[in-house]
Each structure stands twice: as structure tokens, then as C-alpha cells.
Chemist: 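Have a look at this one before I ask anything.
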Amino acid sequence: MTDCIFCKIAAGDIPSDKVYEDDLVYAFRDINPQAPRHILVIPKTHIPSAAHITAENAYLAGACFGAIATIAQAEGLDGGFRVINNCGTDGGQTVGHLHFHILGGKHLGERLL
Ligand code: DGP
């Protein structure tokens, strides 16, 4: 999608601090980190949000989760980490390209909100 900032990041048209890439997935450090480690994991194919995951494209979300495990290990998040997906306006999504936040590098506690 030509006007999507995360599509442009995955394509290398906008610079990012890349931590992982494979055929299906791209991951980079969040520009506004909320934890010592804050990484965004995205499918290279444009999916607007988690509400747009279907039987046909769910393998891309699966590929993101495979990458998440690999990235967490590479980042030394042996004690654990949090994965967050904000979906839609009420979910606090600000960029309309499916992405999973990896947050870690400190004890995050048990509260979600
Ligand atoms: P969300 O609220 O779930 O849509 O989170 C979007 C995240 O994307 C937010 O934490 C900031 C991050 N972000 C937005 N634009 C850029 C960018 O151009 N580069 C990087 N690295 N992160 C970005």
C-alpha cells in the first residue's frame, strides 16, 4: 500500500532500526519506546489491523509470532516479555498496518492497563 508508513519501512523507503527480517516479516525498534526493549513486528504484506486477519492471510500473523520468539531470544528476553496488538480506534491503534509490539527488558508487572 503506497501511503502506508509501515509498508514504506518494510520496503526500506523510510529508515528504521531493523532487528529482524525474513521473506514475510520485518521488525524494527519503536520510535517512542515504552520499555527498555520495544520492537514492532509487522507482516510485509499490508493488513490494516487484527480485525482484518482471515483464514487466507492468518499465516502472516503466524509468521509474525514465529519471528517474535526468535527476536525475543536474540534480544535476551529470557525472563519474559509482553506482546501487544492495538486494534482499531478503541484499541488505540495509530498506524493502520498490523503490528505486534514486543515490550521487555524490565519487569512489567501483571496489570494490562
Ligand atoms: P499503535 O498505537 O499500536 O498503532 O503503535 C504504533 C507505534 O508505531 C507507536 O508506538 C509509534 C510507532 N511508530 C510510528 N511511526 C513510526 C516510525 O516512523 N518509525 C518507528 N520506528 N516507529 C514508529
Side-chain angles (χ1 to χ4, degrees):
M1 196 174 168
T2 51
D3 62 347
C4 170
I5 189 169
F6 283 2
C7 283
K8 290 177 181 172
I9 285 174
D13 295 336
I14 292 177
S16 67
D17 188 355
K18 181 173 81 170
V19 299
Y20 177 89
E21 182 174 16
D22 64 29
D23 288 348
L24 300 177
V25 176
Y26 190 88
F28 55 104
R29 297 193 193 281
D30 195 290
I31 201 167
N32 183 24
Q34 304 296 309
R37 299 278 182 279
H38 187 169
I39 294 159
L40 301 173
V41 182
I42 67 172
K44 289 183 173 178
T45 300
H46 186 80
I47 299 173
S49 78
H52 297 81
I53 296 173
T54 64
E56 286 70 37
N57 66 20
Y59 71 98
L60 295 169
C64 286
F65 273 84
I68 285 168
T70 300
I71 293 163
Q73 188 170 22
E75 292 287 318
L77 302 178
D78 304 327
F81 55 92
R82 182 168 294 158
V83 177
I84 293 176
N85 170 255
N86 294 329
C87 179
T89 304
D90 283 357
Q93 184 176 3
T94 61
V95 178
H97 182 125
L98 178 66
H99 53 281
F100 299 98
H101 298 254
I102 303 175
L103 294 160
K106 70 173 185 179
H107 183 67
L108 296 168
E110 297 176 2
R111 291 178 61 90
L112 290 178
L113 296 173

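Every value quoted in this text rests on a predicted model; they were computed, and no experiment measured them. Note: hydrogens, waters and symmetry copies are ignored here, and every other heavy atom, side chains too, is used. This chain uses plain numbering: 1 for the first residue, then up along the sequence. When a ligand or atom number is given, it counts from 1 through the structure's own listing order.
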Chemist: Please write down residue, atom name and distance for the protein heavy atom closest to atom 23 (C) of ligand 1.
Modeler: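 The answer is Ile31 CG2, 3.5 Å.
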Chemist: Looking only at atom types and distance, does a side-chain atom of His52 sit under 3.5 Å from a main-chain N or O of Pro48, one as donor and one as acceptor?
Modeler: no
Chemist: Of all the heavy atoms in Asn32, does at least one lie under 4.0 Å from an atom in ligand 1?
Modeler: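 Contact check Asn32 vs ligand 1: negative.
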Chemist: Under a 4.0 Å heavy-atom limit, does Asn85 contact ligand 1 with its side chain, its backbone, both, or neither?
Modeler: neither
Chemist: Can you check whether Asp22's main-chain N or O pairs, donor with acceptor, with Lys44's side chain at less than 3.5 Å?
Modeler: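 Between the backbone of Asp22 and the side chain of Lys44 there is a qualifying donor-acceptor contact (under 3.5 Å).
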Chemist: Give the residue and atom name of whichever protein heavy atom lies nearest to atom 14 (C) of ligand 1, and the separation in Å to one decimal.
Modeler: Val95 CG2, 4.0 Å
Chemist: Can you tell me the protein heavy atom closest to atom 21 (N) of ligand 1 and the distance?
Modeler: Arg29 O, 2.9 Å
Chemist: Using modelled atom types and a 3.5 Å cut-off, is there a donor and acceptor pairing between side-chain atoms of His99 and backbone atoms of His97?
Modeler: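 Flag set: sc His99 to bb His97 pair under 3.5 Å.
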Chemist: Taking the six-membered ring for Trp, are His38 and His101 parallel (under 30°), tilted (30 to 60°) or perpendicular (over 60°)?
Modeler: tilted
Chemist: Heavy-atom pairs closer than 4.0 Å: do any link ligand 1 to the side chain of Gln34, the backbone, both, or neither?
Modeler: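 Within the 4.0 Å criterion, Gln34 makes no contact with ligand 1.
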Chemist: To check your reading of the model: name the closest protein heavy atom to atom 11 (C) of ligand 1, its residue, and the distance in Å.
Modeler: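 Nearest neighbour among protein heavy atoms for atom 11 (C) of ligand 1, to 0.1 Å: Asp30 OD1, 3.3 Å.
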Chemist: Mind checking whether Ile84 contacts ligand 1 via backbone (N, CA, C, O), side chain (CB onward), both or neither, at a 4.0 Å heavy-atom cut-off?
Modeler: neither
Chemist: Taking Asp30 for its side chain and Leu103 for its backbone only, find out whether a donor-acceptor pair lies under 3.5 Å.
Modeler: no
Chemist: Please confirm whether Gly92 approaches ligand 1 to less than 4.0 Å, judged on its heavy atoms.
Modeler: yes
Chemist: Give the minimum heavy-atom separation between Ala61 and Ile53, together with the two atoms involved.
Modeler: CB-CD1, 4.0 Å
Chemist: Let's go through Leu77 and Ile102 carefully: what are the C-alpha distance in whole Å and the side-chain angles of both, what is the deciding distance for side-chain contact (heavy atoms from CB on, under 4.5 Å) to 0.1 Å, and is it a yes or a no?
Modeler: CA-CA 10 Å; Leu77 302 178; Ile102 303 175; 4.0 Å; yes
Chemist: If you count the atoms of ligand 1 from 1 in the order shown, which ones are under 4.0 Å from a heavy atom of Gln93?
Modeler: 4 (O)
Chemist: Just jot down the ligand 1 atoms closer than 4.0 angstrom to any heavy atom of His99, in number order.
Modeler: 1 (P), 3 (O), 4 (O), 5 (O), 6 (C)
Chemist: Are Phe6 and Tyr26 close enough that their ring centers fall under 6.0 Å?
Modeler: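 When the ring centroids of Phe6 and Tyr26 are compared, they turn out to be at least 6.0 Å apart.
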Chemist: Indicate yes or no for a side-chain donor-acceptor contact from Arg82 to the backbone of Gly109 under 3.5 Å, with no hydrogens or angles considered.
Modeler: yes
Chemist: Against heavy atoms of Thr94, which atoms of ligand 1 measure under 4.0 Å?
Modeler: 1 (P), 2 (O), 4 (O), 5 (O), 6 (C)
Chemist: Would a distance-only check, ignoring hydrogens and angles, find a side-chain to backbone donor-acceptor pair under 3.5 Å from Ser16 to Gly12?
Modeler: no
Chemist: Can you name the atoms of ligand 1, numbered from 1 with element, that are less than 4.0 Å from a heavy atom of Ile5?
Modeler: 18 (O)
Chemist: Counting each atom of ligand 1 from 1 as listed, which ones have a heavy atom of Phe6 under 4.0 Å away?
Modeler: 8 (O)
Chemist: Can you list the ligand 1 atoms lying under 4.0 Å from a non-hydrogen atom of Asn86?
Modeler: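 Heavy-atom distances to Asn86 below 4.0 Å select 1 (P), 2 (O), 3 (O).
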Chemist: Under 4.0 Å from a heavy atom of Ile9: which atoms of ligand 1 are those, numbered in the order shown and with their elements?
Modeler: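 The list of qualifying atoms is 17 (C), 18 (O), 19 (N).
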Chemist: What's the shortest heavy-atom distance between Pro43 and Cys64, and which atoms?
Modeler: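 Looking at all heavy atoms of both residues, the closest pair is N-SG, 3.6 Å.
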Chemist: Which part of Asp17 is near ligand 1, with near meaning a heavy atom under 4.0 Å away: side chain, backbone, both or neither?
Modeler: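 Neither part.
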